[in-house]
Every structure is written in C-alpha cells, then in structure tokens.
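Residue numbers begin at 1 in each chain, while the letters A, B, ... track the order of the sequences.
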Number of protein chains: 2
Amino acid sequence: MKNRTRAHRKPTIQEIARIAEVSRGTVDRVLHERGDVNPQVAERVRQVASDLAYAPNRAAKALKYSSKPKLVSCILPISNREYFDQVAIGFARAARELSDMGISVETERLDCDDEGTLIEAIRRRCSMEEGLAGGGDATVAGLILTAPDTEPVRDAIDCVIAAGVPVITLNSDITECGRLCFVGQDLKRSGLVAAELLSKMLRGAGRVVAVTGNLVYQAHTDRVVGFQRGVELWGRLLDVDVRESFGTYEGTISCLEAAFRQAEEEHAEIVGIYMATGINEACIDFLVERNLVGTVRVVTNDNTRSIRRALEAGIVDYTICQDPEHQGYTPLKLMYEYLFHNTAPLLEWYQSPIKIVGASDVVDTDD
Amino acid sequence: MKNRTRAHRKPTIQEIARIAEVSRGTVDRVLHERGDVNPQVAERVRQVASDLAYAPNRAAKALKYSSKPKLVSCILPISNREYFDQVAIGFARAARELSDMGISVETERLDCDDEGTLIEAIRRRCSMEEGLAGGGDATVAGLILTAPDTEPVRDAIDCVIAAGVPVITLNSDITECGRLCFVGQDLKRSGLVAAELLSKMLRGAGRVVAVTGNLVYQAHTDRVVGFQRGVELWGRLLDVDVRESFGTYEGTISCLEAAFRQAEEEHAEIVGIYMATGINEACIDFLVERNLVGTVRVVTNDNTRSIRRALEAGIVDYTICQDPEHQGYTPLKLMYEYLFHNTAPLLEWYQSPIKIVGASDVVDTDD
DNA sequence: ATGAAAGCGCTAACAT
DNA sequence: ATGTTAGCGCTTTCAT
C-alpha cells in the first residue's frame with residue numbers, strides 16, 4: 001500500500017503557455033487578473049490552467065519576492081505580559097519557518113486598552129503614503145492583532161480592510177468586521193471543561209463559586225455560561241454562585257469573602273471555586289490565609305508561574321490553558337497562505353486547543 | 001516597542017564571493033566541503049561567511065532542488081488503523097506545507113509486527129542501486145518510521161543510517177541506534193496524569209484496576225509505573241491491582257473478571273479502572289454488561305469513535321490522548337530542517353502533548 | 001584550483 | 001493586446 005505525493009512533475013506557467021499557445025507573460029496576466037488580455041485567450045488559458053490543476057511553485061514565488069518581501073504587522077497588548085510573551089514566541093517561530101519565503105514581520109506591543117494609541121497604530125497601517133516623511137516604514141500587507149471589540153476599533157479595522165489589507169484577530173475576536181478569521185479559544189467550552197472537572201471531583205452536593213471579571217462583557221460571561229451548562233450536565237447536586245472580581249486583586253479577594261460570608265449565613269458549604277476571569281494570585285492567597293487548602297477544589301485558567309506553584313502545592317487542582325504559542329503561530333501561517341497562495345482560511349474560527357493541566361505536568365517523572 | 005525581524009537584507013553567496021574576492025563557485029565549494037580549493041582561500045571564505053552570519057536562502061535552495069527533490073519515506077503500521085490514519089494526516093499536512101520545497105514524500109503502510117516484511121522494506125531503502133531494474137524508485141534521502149524495538153530491526157536501521165540516510169522514529173522509539181530523534185509521548189507521565197484524574201475523582205479509599213498489555217514489554221509497563229507513582233502522590237488511600245490483557249478482547253474481559261472476582265473475595269471495592277494498554281471496547285462492554293456504569297470511574301487512552309461514544313454516555317470519564325497528528329507532522333518538519341538546513345533536531349525526544357479529553361469535548365456547546 | 005554560466009519557476013518591466 | 005527578458009539565490013556542469 002504505497003502512496004506517493006506528486007508522482008510526476010507539477011505543471012508550470014511555461015507548460016500552460018505552450019499548451020494554450022501564448023507566452024508566459026500572458027498566462028501570468030490572466031492568472032493575476034492584471035487585464036490587457038483578449039477575453040477569449042484569457043478563457044482558454046484559464047481552462048488549461050484548471051485542466052492541469054496548476055498551482056504556482058511556492059519556492060519560485062518566494063524567491064522572486066525575497067528582495068521586496070511583504071510586511072506582516074502584529075499588534076499585541078502590553079498587558080498580560082506573561083501570556084502575550086508566549087504568543088510572541090509562537091509568532092516568532094512561524095516567522096522563522098517563513099523566513100526567506102517572501103515575508104517579513106514586525107511585532108509591536110502597545111497598550112491596547114488605550115483606544116487612542118491603538119486606533120492610531122491601526123490607522124497608520126492603512127494610510128501609509130509612500131512619499132511622506134517615511135522613516136523607512138514600508139507599507140503593510142497584512143495585519144494580525146488582539147484588540148477590544150468596540151465601535152471605534154471596529155471602524156479602524158474596517159478602514160484597514162477597505163485599504164486591501166487582510167486582518168486576522170487572535171485571542172479575543174472583533175465581530176462584525178471583515179476580518180479573515182479569528183484564532184482563539186472556545187470560551188464556553190472552556191467553562192464546560194471546568195465544570196466537568198469540578199463536578200467529577202466533587203460528585204456530592206455543595207456550593208461552587210464561579211469568579212468572573214465583569215458580567216457586562218460578553219467575553220467574561222461566556223466561560224460562566226459554559227460552566228453553568230456543565231454543572232447541569234455533570235454536577236446536578238451543585239449550586240453555582242457567580243461573583244464579579246472586576247479584574248483587580250482586591251475585587252477578587254472581596255468577592256470571595258462575600259461568597260463565603262453568604263454561604264455561612266445560608267449554612268451552605270463551599271466545596272469548589274472556578275476562577276473564570278480574575279486574579280488567580282488573589283484566590284491562592286485567600287485560600288492559604290483562610291486555611292482552606294485541600295478542603296476546596298479549585299480550577300483556574302492560564303498557566304502562569306504562580307499557578308504552576310499552586311498546582312504543585314495542591315492549592316489548585318487543575319488549570320485550563322489556551323496554548324498561547326498556537327495563537328501566535330497559526331495566524332501568521334494563515335496570513336502567509338492567504339497572501340501568497342491566495343487561499344483564504346478554511347475556517348472562520350480556529351479554536352486553540354483547550355489544555356487541561358494538573359499537578360502531573362509540574363512534577364518530575366523519574367526519581 | 002517595535003521589533004522587526006531582518007531589518008536589512010540577508011547576505012548572499014554573491015556577497016561573500018565579492019568580499020572574499022573569489023567566485024561564487026568557490027564559495028559554494030567551500031561551504032559544501034567539496035574539496036579542490038586552496039586551504040588559505042577556503043579559510044578566508046569561511047571567515048567572511050561567519051562574519052556575515054551567512055545562512056542560505058531557503059527559497060532559492062528549494063527552487064534549485066524542485067526538479068530533483070529529495071525523497072522522504074515514511075513507514076507506518078497497518079494495525080491500529082484509526083490511530084495511524086491520524087498520524088498519516090499530520091504527515092500529509094507537513095508534506096503539503098513543504099510541497100515545492102525540494103522534498104517529496106512517500107508513505108507506506110505495512111504489517112510492522114511481521115519482522116520479515118518490515119526489515120525487507122527498511123533494507124530496500126539503504127541498498128537501492130541506481131542502475132538496477134529501477135521501476136522509477138528513486139533513492140531515499142530520509143526515513144521516518146514506527147517499528148518494534150527488536151535486535152533485527154535495530155540492525156536494519158543501523159544499516160540505513162550507515163548508508164547516510166537519517167532516521168526519525170515516531171510513537172514508539174528504537175533505542176541504541178543512531179536515529180536522529182524520537183517523536184512520541186512520555187508514557188510515564190501519561191500514567192501519572194491518569195492517576196491524578198482517578199485519585200482526584202475518587203479521593204476516598206478503594207481499589208483501582210490498572211489494565212496493561214504485557215508486562216514483559218517496557219513500553220507497556222511505563223504507563224503503569226507512572227500510574228503507581230501518581231497514586232502514591234495523590235491517591236494514598238487507593239490500592240492498585242495491575243492486570244495483563246495480552247492485547248486481546250478476551251484477555252481484557254477475563255482480566256477484568258479476575259480482578260472483580262478477587263476483589264469480592266477480599267471484600268475490597270473496585271472504584272476505578274485505568275486502561276493503560278488494552279482493548280477499550282472490551283472494557284466498555286464489560287462495564288455495561290455488569291451494570292457498573294456510574295459506580296466505577298474509568299480513564300482510558302486514545303481517542304477512538306467508541307471511546308468518544310463512551311465518554312458521551314458517561315461510561316468513561318476521561319481519555320488521555322497523544323495527538324497522533326503531531327506525531328506525523330513533527331518528524332517530517334524536523335527531517336526537512338535536517339536535510340536542507342543542516343540543523344539536527346534540538347532535542348533527542350520531542351514529546352507529543354498529553355491531551356486530557358472528557359465528555360466536554362464531545363458535547364455541543366450551543367443550545 | 002578557480003571562474004563562468006545555465007537553469008530551477010515566477011514576476012514585472014520593457015518592447016513590440 | 002501580446003511577447004521577450006532580466007533577475008531573485010543557489011547548485012552544478014563545463015571550461016579554463
């Protein structure tokens with residue numbers, strides 16, 4: 001049972017030209033729709049190309065572009081450093097694989113929460129007049145970014161896209177704009193996974209606290225929605241107490257305090273905590289100070305150094321990660337395929353894998 | 001905070017030639033150590049190349065080779081179909097990404113348990129005389145395979161390597177031979193993960209059955225060793241009963257029967273099952289027939305259709321997967337880097353990710 | 001021992 | 001509207 005890819009040579013432009021009885025130049029014009037060609041001839045060429053299942057040779061194309069590579073720009077937030085550094089690593093890995101392939105890459109880290117700065121950076125990319133006091137800034141061929149999904153940002157993105165520059169969003173999506181695709185996690189499923197873990201660890205009855213950031217943000221509620229659905233499926237005996245941390249250390253502490261206070265009043269027992277969006281460190285400190293380690297099952301998100309320590313110490317049972325490297329690597333690869341092979345991403349949404357990490361991942365196997 | 005890769009152009013052979021005041025041909029001869037060049041000139045050229053941090057242009061190299069690509073051969077077992085089909089998909093994806101990059105790929109599925117067939121296939125690859133009744137069989141430049149770690153196989157591999165053909169093993173390693181590297185799972189850690197899952201689901205006391213294939217094979221015991229270590233760490237109250245299935249359906253059924261019989265005799269309660277190496281279907285059937293679903297926590301390996309059904313039905317709690325696609329994709333990429341960029345793999349062992357899959361993965365999120 | 005040149009497939013500027 | 005050609009960087013053959 002043998003299987004060989006490309007048993008014989010791939011067709012070239014030269015071959016198409018020979019069969020269609022035109023010159024390579026004409027074939028090129030047809031395939032790139034650069035006009036100035038007789039419609040009938042064009043049709044014939046297209047026919048031959050599709051008959052031969054022509055696909056351009058990637059190495060040749062890359063070589064041709066190597067003197068003036070297409071620039072892909074990537075904007076990442078300066079916040080959440082530990083996480084986005086990992087994204088940048090994946091991005092760099094893809095860039096390395098694509099070096100010499102006709103692409104060049106720039107990464108910019110900026111305060112994406114400051115809409116002004118962000119929009120200015122985005123705008124610059126669609127209105128780069130060649131002649132202007134150019135500090136050597138080449139025009140951008142593709143844009144990859146993480147940005148909040150607000151009206152002004154959407155507008156700025158649409159302006160870039162209108163200028164013919166494709167955009168891929170990562171980690172958090174920007175809806176209702178013409179982006180090519182989104183690379184990020186399925187937050188609802190992430191919540192579902194957390195619920196399954198907690199439910200199966202707990203089984204019996206009890207109360208579970210789900211800490212989220214801010215319920216007005218869709219992104220923050222998604223995990224909780226998934227979590228609640230998961231508890232229905234696998235932990236019917238549990239009741240869920242949803243609390244908002246507002247993204248601060250103090251907010252996290254005080255919402256946990258409030259949850260435990262209320263549970264005491266209601267003679268309910270808190271047996272689990274799900275940190276959907278919040279400051280994990282705060283939760284860890286809280287558990288240690290209150291001497292709750294071991295009596296409360298804890299599931300968090302992300303994979304930071306402090307989480308890994310908490311896993312090792314048995315404070316946290318599992319943490320659900322979203323493979324930041326994949327979120328950097330994939331968009332650049334997709335952008336390349338789009339820019340050079342004219343293949344739009346197959347999916348609108350590339351789900352980054354949901355990885356369950358437990359203490360097993362932070363322990364040595366041999367001793 | 002801007003960061004641009006390769007702000008200015010990369011040096012070319014032409015540039016080295018100009019600076020070292022020789023011709024491109026000479027530079028090429030030096031860099032490829034093809035002899036026939038004055039030692040002093042050679043030294044000068046090497047100096048210039050390293051000064052400029054020269055690295056060949058991948059696109060140009062690929063283009064040059066596109067007419068006579070290097071053939072990479074991949075041998076996969078015909079057994080374990082569902083799994084190795086996935087491996088083949090990863091392999092094909094890498095092959096697609098590398099199409100036109102000077103590489104061509106052939107995949108062969110054969111009965112790797114039949115040592116004769118396997119060794120014959122391996123041997124063919126090192127002794128392919130050009131002049132012979134060649135049915136078009138080109139000589140192989142690299143070999144990727146999964147094979148049992150036995151003496152005759154090792155010898156055959158060593159013969160291929162001696163002929164100058166690099167070898168990468170996947171899924172199961174072949175030790176003590178000159179293979180470039182191994183791509184596969186850390187079986188001990190896989191067992192550790194299983195133990196953590198079961199321990200944290202169970203907590204209390206009870207007996208856990210660990211079903212393995214055959215204790216005489218190192219590969220089969222590794223998971224069990226990791227599992228036992230994990231139970232020590234997270235499930236001190238559990239006791240482990242290790243059983244051999246000998247890789248058959250009947251063997252699996254009968255070892256489970258024996259385990260339950262013995263438990264009854266000893267008035268112990270079996271609360272969990274770990275299917276380390278065995279026929280998952282047998283275990284599922286056993287649980288259903290004995291009406292044990294829900295009372296016994298079950299962790300398996302791999303991600304087959306029947307396992308997914310069992311997850312959905314709540315028969316199996318978690319299954320531990322080893323990302324077969326990654327095991328196909330990675331070796332070919334590494335082989336390419338080795339053959340074309342002269343970069344040997346950084347690691348001797350590329351660990352395929354250990355993915356924990358639960359019911360959350362087989363459930364719809366929106367409804 | 002070294003240099004010169006052809007050619008891989010594609011693009012784009014130039015020529016007709 | 002169509003054809004011709006130079007050139008991207010590398011390898012390899014041929015000529016010196």
Taking atom [atom2] of [N] as reference, at what distance in whole Å does atom [atom1] of [X] sit?
X      : N      : atom1 : atom2 : result
A/Q40  : D/dA1  : CD    : P     : 12 Å
B/N342 : D/dC10 : CG    : P     : 14 Å
B/H341 : D/dG9  : NE2   : P     : 15 Å
B/L31  : D/dC10 : CG    : P     : 9 Å
B/E15  : D/dC8  : CD    : P     : 11 Å

**OP:** Take nucleotides 7-16 of chain C nucleotide by nucleotide from the 5' end and write B, S or -, depending on whether a protein heavy atom sits under 4.0 Å from the base, only from the sugar-phosphate, or from neither.
**Re:** BBBBBB----
Original post:
Do side-chain atoms of B/W349 reach the backbone of B/G184 as a donor and acceptor pair under 3.5 angstrom?
Top reply: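 Flag set: sc B/W349 to bb B/G184 pair under 3.5 Å.
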Original post:
Does A/Y65 have any ring-ring contact (aromatic ring centres under 6.0 Å, His included) partners at least two apart in sequence or in another chain, and if so, which?
Top reply: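 Residues passing ring-ring contact (aromatic ring centres under 6.0 Å, His included) with A/Y65: A/F340.
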Can you check whether [X] reaches [Y] side chain to side chain, under 4.5 Å on heavy atoms?
X      : Y      : answer
A/L334 : A/V183 : yes
B/R96  : B/R93  : yes
B/C112 : B/L110 : yes
B/V30  : B/R46  : yes

Original post:
Can you tell me if CD on B/E21 sees more than 12 non-hydrogen neighbours from other groups inside 6.0 Å?
Top reply: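 No, CD of B/E21 has 12 or fewer neighbouring heavy atoms, counting only those of other groups under 6.0 Å.
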Original post:
Pick from B/K70, B/R125, B/R124: which one makes a salt bridge (charged side-chain N to carboxylate O under 4.0 Å, His left out) with B/E106?
Top reply: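 Of the listed residues B/K70, B/R125, B/R124, the salt bridge (charged side-chain N to carboxylate O under 4.0 Å, His left out) partner of B/E106 is B/R125.
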Original post:
How bent is the helix from C/dA1-D/dT16 to C/dT16-D/dA1, comparing axes over its five end pairs at each side, to the nearest 10°?
Top reply: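 The helix from C/dA1-D/dT16 to C/dT16-D/dA1 shows an end-to-end axis angle of 60°.
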Subject >> Any A/S23 side-chain nitrogen or oxygen under 4.0 Å from OP1 or OP2 of D/dT4 >> reply: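 Answer is no, no contact under 4.0 Å.
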